[in-house]
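One-based numbering, in listed order, for ligands and for the atoms of each. Computed from a prediction, not measured in an experiment: that's the story for all the values here. Sequence positions, counted from 1, serve as the residue numbers for this chain.
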Amino acid sequence: MTTDRDGWAGHPKGLSTLFFTEMWERFSYYGMRALLILYMTAPIAAGGLAMETSQAASIYGWYTSGVYAAAIPGGFIADRLIGQYRSVLIGGIIIALGHFCLAVSSMPFFYLGLSLIVIGTGLLKPNISTMVGSLYDEKDTRRDAGFSIFYMGINLGAGIAPLITGALAQGLDGKGGNWHWGFAAAGVGMTLGVIQYVLGKPRLAPAMDRLAAAPTARKSGVPAQPFTAVEWKRIAAVGVFFMAAVLFWSAFEQAGSSLNLFADRMTKLEALGRPFPSSWFQAINSAFLIALAPVFAWVWVSLKKREPSSPAKFTIGLLFVGLGFLLLVPAATMAQGSGVLVSPWWLVGVYFLHTIGELCLSPVGLSVVTKLAPVRIAGLMMGVWFLATSIGNKVGGYVAGFFDSFPLPSLFGAVAGTTIGAAVILALLIKPIRRLMGGIH
Ligand code: GLN
């Protein structure tokens, strides 16, 4: 195998191709997601679909859950049928078509667009991650750093997107734009991603060779060996992480639903004396993530032996997502009690706490699942990790469905209580989980 060090910071050249493909894909996903629930609930006169909040939240929950659940068949199709390169290519084209459908103002196109994005993302999202991993030989120590750079690409796209789609859809001053232009911009972003992916194909050759050469039991049809006792224990540990992740994402992924509605309806949309569109709040998490990721990397390294174990980091993740919702309780009390629009700083604070939680849980989860999974079911375990996000999105959509019918301080308080309670339980389980992990941190 060639050692490919000609790209960014001594990484393989293919990393930048995959970085920009995922950046544009996440640009389209989050650019559209920032608008979705606002568009569905906006009155007809404002160009929206005038849906009840509960119905819109339910569609939002099904859609965002579907996008991540589709990663399981998407991974399977790549492994067994068409390979990772083509899955990502076809997925990207389908996603772009989906966004362009939403650019058309008609109900059948609305549902067709959502379905296409679900299918396309299922083909693209898991397989592009597999390709990143395949840029490196099995023992290559650059792999973790490669994934960190890739996660930056995700958040660069996710952070810039709402600023552009939001300005188009709601106007720079938030006083009215055209929703469909916002959706079209998402489609343009994905199209740019597909073009640069195709142009970068030669850079991906080493990854594709490695994938083609991998002698997986699944490909050759060799029956899998039974799991050993150690493997069973590790799978049980993944089960615990999975449940914690479901709870975490149920709260965190309300960013696009209940927190988006809170921004739109109950927050003063003005900063430095200038009005701005509510969807711009959707950029804050990514901005914090890009700023804080290097800090966290440094903190973990400098703690050396005292670096918290993965279950301890999961506990911190759950705690912080809960603290974010706890911070919303006084804000919601003020907004609903006196009917005033609250300061935008409340939500900035919430996203700050949520980003800390995300940094303790999301990258840690990806890496610990790959380490704990027996190699012969590594692909399946990656699918299981995305399934936690899928279920989390569904539950989050369900909770957001009560936005209009339930007192908001109680709704947010219940989310805070559940996640903080789960953090306490997980804290008590750290030691037994570490025993299950059998030497893996
Ligand atoms: N923000 C990350 C991404 O879009 C992680 C999302 C998740 O797994 N819930 O890839």
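Between Trp280 and Phe276, the two ring planes are parallel [angle under 30°; tilted spans 30° to 60°].
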Under a 3.5 Å threshold, I'd like every N/O contact between ligand 1 and protein atoms, with atom names and distance.
| unit_1 | atom_1 | unit_2 | atom_2 | d |
| --- | --- | --- | --- | --- |
| ligand 1 | 1 (N) | Tyr30 | OH | 3.1 |
| ligand 1 | 4 (O) | Arg26 | NH1 | 2.8 |
| ligand 1 | 4 (O) | Tyr30 | OH | 2.7 |
| ligand 1 | 8 (O) | Thr389 | OG1 | 3.2 |
| ligand 1 | 9 (N) | Glu253 | OE2 | 2.7 |
| ligand 1 | 9 (N) | Thr389 | OG1 | 3.4 |
| ligand 1 | 10 (O) | Lys125 | NZ | 2.5 |

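When the shell of 6.0 Å around NZ of Lys268 is examined, it contains 12 or fewer heavy atoms from other residues, nucleotides or ligands. Counting heavy-atom neighbours within 6.0 Å of Glu307 CD, excluding the residue itself, gives a total above 12. In the displayed structure, Phe296 atom CZ is contacted under 6.0 Å by more than 12 heavy atoms of other residues, nucleotides or ligands. Heavy-atom contacts from other residues, nucleotides or ligands closer than 6.0 Å to CZ of Phe242 number more than 12.
Under 4.0 Å is where a charged nitrogen must lie from a carboxylate oxygen, and between Asp4 and Arg142 no such pair does.
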